[in-house]
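Below is one structure; the comments refer to it alone.
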Amino acid sequence: MQVGIAGLFGEYGTDWGVVMAASVLAALPTILLFSLLQRRLVAGMTAGAVKE
């Protein structure tokens, strides 16, 4: 994905709107996955921190 975004940069100019749109689309799956699994991640981190 990064190689594709890097290909959007031109030698004499760059369409920053297209670059930013591609960056958002590249980050979207990670953001969605984190938001869906956030509760489990936090629960797992706090469960390991409890000392008996």
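Computed over heavy atoms, backbone and side chain alike; hydrogens, waters and symmetry mates excluded.
Clustering of Ile, Leu, Val, Met, Phe, Trp and Tyr side chains at separations under 4.5 Å places L37 together with L33.
Residue pairs meeting the ring pair (Phe, Tyr, Trp, His ring centres under 6.0 Å) criterion with at least one member in residues 30-50, sequence neighbours excluded, do not occur.
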Side-chain polar contacts of residues 10-31 - donor-acceptor pairs under 3.5 angstrom, sequence neighbours left out - could you list them?
{"residue": "S23", "atom": "OG", "partner": "V19", "partner atom": "O", "Å": "2.9"}

Show which side-chain atoms of residues 40-47 pair as donor or acceptor with protein atoms under 3.5 Å away, not counting sequence neighbours.
{"residue": "T46", "atom": "OG1", "partner": "V42", "partner atom": "O", "Å": "3.0"}
{"residue": "T46", "atom": "OG1", "partner": "A43", "partner atom": "O", "Å": "3.1"}

